[in-house]
Amino acid sequence: MGVEVHKELLSSIGLDVEKHAKMMGMGLEGYKKQFLGQPNRPEGMKYFDWFMSEVQGQRMVEINALRAQKKPAVGTFCIFVPEEIVVGAGGSCYGLCGGSPATIADAETELPRNICPLIKSAHGFKLQKTCGYTQSADFIYGETTCEAKKKTWEILDKHHPVHVMNIPHMKREKDLQMWKEEISDFKTHIEEVTGKKLSLEEMKEGTRIINEKRKAMLRLDTLRGMNPDVVPISGKDGLFVTQVGFMDDPVRYTQKVNELCDELDKRVEEKVSVFEKDRPRLMVLGTPFAVPNWKLHTAVETTGGVVINEESCIGNRYYKDNVDLENVETEDDMMQKLLDRYAKVDCACFTPNTGRTEKIIQMYKDRQADGCIYYTLSFCHTYNVEAHLVTEALEKEGIPCLVIESDYSPEDMGQIKTRVEAFLESLSFKKKAEAFKNK
Ligand code: BJ8
C-alpha cells in the first residue's frame, strides 16, 4: 500500500505517519466496500482504483519531486483558484482533504460547531497533520466566498501559510476590475514562491493543459447524461473520476479520462448499461463533494436511482467553461481572459445569481432527466438560501426536486435513504404514467 512504502517522505513533510496510515486504511476499506462491488464497471475505472490506492502515496512523491525543483504546490478548497498559472509555472494545484468526519472534533477545538463540515474537516486535517496534500502545499489558497471560510483563513494561517484572494460577491464592472487585479497578485505570489518570472508562453501552456482537462471532464459528463436510454457508468464512479481530477497530475488525468470515455462511447453505441435503463435519472445540484463524501450517491444508487451529473464545483460548475486563448498577445490579455472565464462561475456567493437557475433548467432539459436533488452541506447559508429561488423556478417548470441538507456524519444515512426512496418511487410512478399515456 502506497503510504507504507513512502513513510520516509511522508514523515519529512510533517505528517503524523501513524495516524495517517490508520486513516488511509479506513478510507481504502470504505472505497473497496462502496466501489469495487458495483456491477459491470468499465475497465477504465482500474486506473482510478489504482489512483485511490496511491492518493497519499505515489502522488505525494510526484508533487514533492516537483517542489524539490522549486515548482509550486498550491492547495485549495475552491474552484476560483487560477490553476492555469500554477500549472504554467510547472507546479501542482490540487484540492485539499476536507470530506471526512474523522477530523471534525479536532477542528472544533478552534472553530465553532455550527459552520459547514467542509471547512471544519479541512481545518481538522491540518491540526491532525493527516493530509499529505496540505502538508505538501507551499501555501493554501483561500478566498472570500463565504463568511466561515474567510474567517477560518485567519486561524488556519497560524498553522500553514494562506494566500487569500478577494472574490467579489457581485459582478459589476468595478468588481471585475478588482478581481482582475487579484488574479495578477496571485501570479506575483507564485513568482515569489518560484523566485522566477512567469512568461506569457508558460501561462498559455498551463491554460492549454487545464482546458484539455476540463474538456475531458465535460466529455464524461455528456456520456453519463446525454443518452437517456443507457447508463454506461454509475453516478458514483462518475463522481469519483471527477474528484480525482482535483488531485491528479492534469496531463495524465486527461489521458485516462479520455481513455475511459472511449470505452463509454462504445458502451453507449452498444447500449451496455450498468443499471436497468428504467431507473429514475437524477441531477444533483449544490455544494461540492470532497473525497470521501459519497453519501448521497450511495443513497441514490442503492435505492433504485442513478445520478447522471453534478451541478456542483466537483462537477459541471468546474468544467463547463474554458479559457479562450485567442488573441492573447500580452500579459494583460491573459489576465482578462482568465477573468472572463472565472467570472462565469455561478457560485451562490454571488448576488444576483440568476444565471445558475437558467443553466440548471437547460441542463435538465438537455439530459431529459427525471428529477433533481438539491444538496447543501449543513450551515452553508448561501446555497441553503438560494435553494428557495432554484426550487421555485424548477417547480414552475414542473421539475421534481428534493432538498437535502446534510453533513459528513453517517447518522442521517438511514433518513436520507428513506427520503430518497420515497422521491424515487414518486418519479417511477410518474414515468410509468407518462409511458402509459404515450402508448
Ligand atoms: S465556487 S461552492 S468551491 S465557494 S465552504 S460556500 S459549502 S459554507 S465550497 Fe465553494 Fe468555491 Fe463556491 Fe464552489 Fe458553502 Fe461550505 Fe462556504 Fe462552500
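These numbers come from a predicted model, not from an experiment. Counting starts at 1 for both ligands and their atoms, in listed order.
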Discussion item. Taking 2.8 Å as the cut-off, does Cys380 contribute an N, O or S atom near atom 14 (Fe) of ligand 1, distance below it?
Written reply: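 Under 2.8 Å: Cys380 contacts atom 14 (Fe) of ligand 1 through an N, O or S atom.
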Discussion item. Tell me whether the rings of Phe77 and Trp153 are parallel (<30°), tilted (30 to 60°) or perpendicular (>60°).
Written reply: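 Because their plane-to-plane angle is under 30°, the rings of Phe77 and Trp153 count as parallel.
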Discussion item. Once you measure the plane-to-plane angle for Phe289 and Tyr375, does it fall in the parallel (<30°), tilted (30-60°) or perpendicular (>60°) bin?
Written reply: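 Phe289 vs Tyr375 ring planes: parallel.
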Is the number of heavy atoms from other residues, nucleotides or ligands under 6.0 Å of [X] [atom1] greater than 12?
{"X": "Glu108", "atom1": "CD", "value": "yes"}
{"X": "Lys180", "atom1": "NZ", "value": "yes"}
{"X": "Glu201", "atom1": "CD", "value": "yes"}

Students should be able to answer this: which protein heavy-atom is nearest to [atom], and at what distance?
{"atom": "atom 13 (Fe) of ligand 1", "answer": "Cys313 SG, 2.1 Å"}
{"atom": "atom 11 (Fe) of ligand 1", "answer": "Cys78 SG, 2.3 Å"}
{"atom": "atom 5 (S) of ligand 1", "answer": "Lys149 CE, 3.2 Å"}
{"atom": "atom 16 (Fe) of ligand 1", "answer": "Cys146 SG, 2.4 Å"}

Discussion item. If I compare all heavy atoms of Met60 with all of Val55, which pair ends up nearest, and what's the gap?
Written reply: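 Of all heavy-atom pairs spanning Met60 and Val55, the closest is CE-O, 3.7 Å.
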Atoms in ligand 1 flagged as close to [X], the criterion being non-hydrogen separation under 4.0 Å:
{"X": "Phe77", "result": "3 (S)"}
{"X": "Ile119", "result": "5 (S)"}
{"X": "Pro288", "result": "9 (S)"}
{"X": "Thr145", "result": "4 (S)"}
{"X": "Cys347", "result": "1 (S), 2 (S), 4 (S), 12 (Fe)"}

Discussion item. Strictly under 2.8 Å, is atom 15 (Fe) of ligand 1 approached by any N, O or S atom of Cys116?
Written reply: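 A backbone or side-chain N, O or S atom of Cys116 is under 2.8 Å from atom 15 (Fe) of ligand 1.
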Item to complete: Verify the ring-centre separation between Tyr374 and Tyr383: is it less than 6.0 angstrom?
Response: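 No, they do not, as the ring centres are separated by 6.0 Å or more.
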Fill in: Side chain proximity check, Lys71 to Val86, heavy atoms < 4.5 angstrom
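Heavy-atom side-chain distance check fails, nothing below 4.5 Å.
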Item to complete: Answer yes or no for Cys349: is there a heavy-atom contact with ligand 1 below 4.0 Å?
Response: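 Cys349 does not count as a contact of ligand 1 under the 4.0 Å cut-off.
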